[in-house]
Amino acid sequence: MNDTFLRACRGEEVSYTPVWLMRQAGRYLPQYQSVRANVDFLTLCKTPELAAQVTLQPVDILKVDAAILFSDILIPVEAMGMRLEFSDKEGPVLSEPIRSRASVDRLSIPDTEEDMPFILATIRILKKELDNKVPLIGFSGAPFTLATYMIEGGTSKNFLHTKKMIFQNPRLFDFLLEKITATIVPYLSAQIKAGAQAIQLFDTWAGMLTPVDYKNFVLPYVKKAIAELKKEGVPIIYFVNDCAGILKEIKKAGADVFGIDWRIDIGDAIKKLGKKVVVQGNLDPCALFLPREMIEERVKDILWKGEYAKGHIFNLGHGVLPETPVENVIAMVEAVHKFGQKQ
Ligand code: CP3
């Protein structure tokens with residue numbers, strides 16, 4: 001197996017900078033679209049043969065150095081007892097958002113084997129299929145980001161309901177976050193036991209808080225989750241979107257790798273986190289709409305700056321956009337492999 005990605009996660013020496021992309025499986029790939037034409041998104045996530053098939057597509061097409069399980073961060077939320085739907089226009093919709101003690105009480109702490117068996121079945125198929133290729137990344141939403149979906153009922157602009165709960169009923173918020181943390185730790189342990197070789201925690205919305213609110217209402221739970229998961233012995237990547245203003249706090253989460261979005265120069269992020277860290281990122285997803293030579297220039301700049309960290313895994317600063325030309329994504333991966341060689 002090509003273990004360059006895992007070695008980079010651990011800060012070990014590598015012969016080149018590995019690369020994978022958030023949302024590397026998805027609508028920009030015609031091969032994904034043709035699978036998706038016959039099934040809705042949730043059915044795709046819950047059908048192990050199909051989920052495994054679309055997980056493998058970017059490995060074969062893009063030649064990336066890691067695969068990421070095809071699923072969604074809201075799958076465990078549904079397993080906790082909320083009704084989940086995906087609409088083409090609005091994205092995810094969770095009916096009856098969590099706003100009261102009674103609604104938190106009604107949530108269950110799911111058992112992965114029993115309530116989400118398709119996740120483990122998908123990983124077991126991938127384990128076989130990927131045997132001689134690249135490592136498999138498992139994932140979950142981080143506690144805060146999952147809480148925002150549960151409290152807002154979907155995606156939000158200003159996260160008013162979430163912030164209202166934090167400010168007006170911090171005990172209820174704590175109660176909810178404890179329950180989410182108690183869900184995702186065994187969920188991720190089960191993914192690791194089934195064969196996931198690294199884990200990424202997505203904290204997509206944690207950058208919406210002030211640094212002090214991040215410290216008080218996000219960090220304790222993610223730190224706890226990471227500390228418990230560390231016992232499993234696989235690298236833990238923590239991605240926070242819009243992380244620039246809170247890097248000092250994010251560092252305390254104790255992850256092995258820190259995922260950086262594109263709004264900060266990766267060199268500055270490394271300075272703030274300290275040279276002993278491993279970073280992942282951070283090409284602007286829209287840079288994939290540039291001409292090829294300009295994509296290469298941006299790739300080189302990030303690779304060069306990444307050299308200052310203990311380790312660097314190349315990635316986008318957030319997920320691939322559905323409109324992205326596939327040939328540009330391939331060109332980007334080729335550029336990383338070409339210019340990321342170490343002498
Ligand atoms: O990265 C990968 O290739 C693995 C698969 C993956 C998906 N979602 C597939 C998906 C992963 C890791 C996720 C995580 C996820 N899901 C996050 C965190 C990462 C991020 O983007 O910030 C979040 C916030 C979600 C919730 C979610 N799922 C939203 C807001 C949406 C709608 C927006 C959109 O892009 O359509 C989804 C749907 C979704 N998740 C799709 C895919 C491929 C599109 C579904 C389709 O085929 O119509």
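Order of appearance sets the numbers: ligands from 1, and atoms from 1 within every ligand.
- Nearest non-hydrogen protein atom to atom 4 (C) of ligand 1 is Leu69 O, 3.5 Å.
- Here the protein heavy atom with the shortest distance to atom 16 (N) of ligand 1 is Asp72 OD1, 3.0 Å.
- Protein heavy atom closest to atom 34 (C) of ligand 1, with residue, atom name and distance, is Arg27 NH2, 2.9 Å.
- Given atom 11 (C) of ligand 1, the protein heavy atom at minimum distance is Phe139 CZ, 3.7 Å.
- With contacts defined as side-chain heavy-atom distances shorter than 4.5 Å, the pair Ile137/Leu69 does not qualify.
- Atoms of ligand 1 lying under 4.0 Å from any heavy atom of Pro92, numbered from 1 in the order shown and given with element: 29 (C), 30 (C), 31 (C), 32 (C).
- The heavy atom nearest to atom 38 (C) of ligand 1, out of those in Phe70, Tyr32, Phe86, is found in Phe86.
- In terms of protein heavy-atom proximity, atom 6 (C) of ligand 1 is nearest to Ser71 O, 3.4 Å.
- Near His318, meaning under 4.0 Å from any of its heavy atoms, are these atoms of ligand 1: 20 (C), 21 (O), 22 (O).
- Between Arg298 and Met332 the shortest side-chain heavy-atom distance does not fall below 4.5 Å.
- If you check which protein heavy atom lies closest to atom 39 (C) of ligand 1, you get Phe41 CZ, 3.4 Å.
- Scanning the protein heavy atoms around atom 48 (O) of ligand 1, the nearest turns out to be Arg36 NH2, 2.8 Å.
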Item to check | Stepwise side chain to side chain donor-acceptor pair (under 3.5 Å) test for Thr148 and Thr145 | outcome: CA-CA 5 Å; Thr148 67; Thr145 288; 5.3 Å; no

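- Listed by number with element, the atoms of ligand 1 under 4.0 angstrom from any heavy atom of Ile68 are 1 (O), 2 (C), 3 (O), 4 (C).
- Residue, atom and distance of the protein heavy atom nearest to atom 14 (C) of ligand 1 are Ile73 CG2, 3.6 Å.
- Within the 4.0 Å heavy-atom cutoff, Tyr149 counts among the residues contacting ligand 1.
- Near Thr204, meaning under 4.0 Å from one of its heavy atoms, ligand 1 places the atoms 18 (C), 19 (C), 20 (C), 22 (O), 24 (C).
- Using a 4.0 Å cut-off to heavy atoms of Ala25, the atoms of ligand 1 that qualify are 3 (O), 43 (C).
- Remark: among candidates Met22, Gln57, Arg23, the nearest residue to atom 8 (N) of ligand 1 is Arg23, based on non-hydrogen atoms.
- The shortest N/O to N/O separation between Gln24 and ligand 1 falls below 3.5 Å.
- Taking the six-membered ring for Trp and the full ring otherwise, Phe70 and Tyr32 have centroids separated by under 6.0 Å.
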Next on the checklist: Evaluate Asp65 against Tyr16 for side chain to side chain donor-acceptor pair (under 3.5 Å), listing each step before the verdict.
Outcome noted: CA-CA 11 Å; Asp65 298 292; Tyr16 66 92; 2.6 Å; yes

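- Within the 3.5 Å criterion, the main-chain N or O of Leu6 finds no donor-acceptor partner in the side chain of Asp3.
- Near Phe202, meaning under 4.0 Å from one of its heavy atoms, ligand 1 places the atoms 12 (C), 18 (C), 19 (C).
- Annotation: side chain of Pro220 is not in contact with side chain of Lys223 (no heavy-atom distance under 4.5 Å).
- The two residues Tyr221 and Asp174 make their nearest non-hydrogen contact at OH-OD1, 2.6 Å.
- Judged purely by atom type and a 3.5 angstrom limit, Gln341 uses its side chain to pair as donor or acceptor with the backbone of His337.
- Among all heavy-atom pairs drawn from Pro58 and Val64, the shortest one is O-CG2, 3.7 Å.
- Residues Ile73 and Leu146 come closest through the heavy atom pair O-CD2, 3.2 Å.
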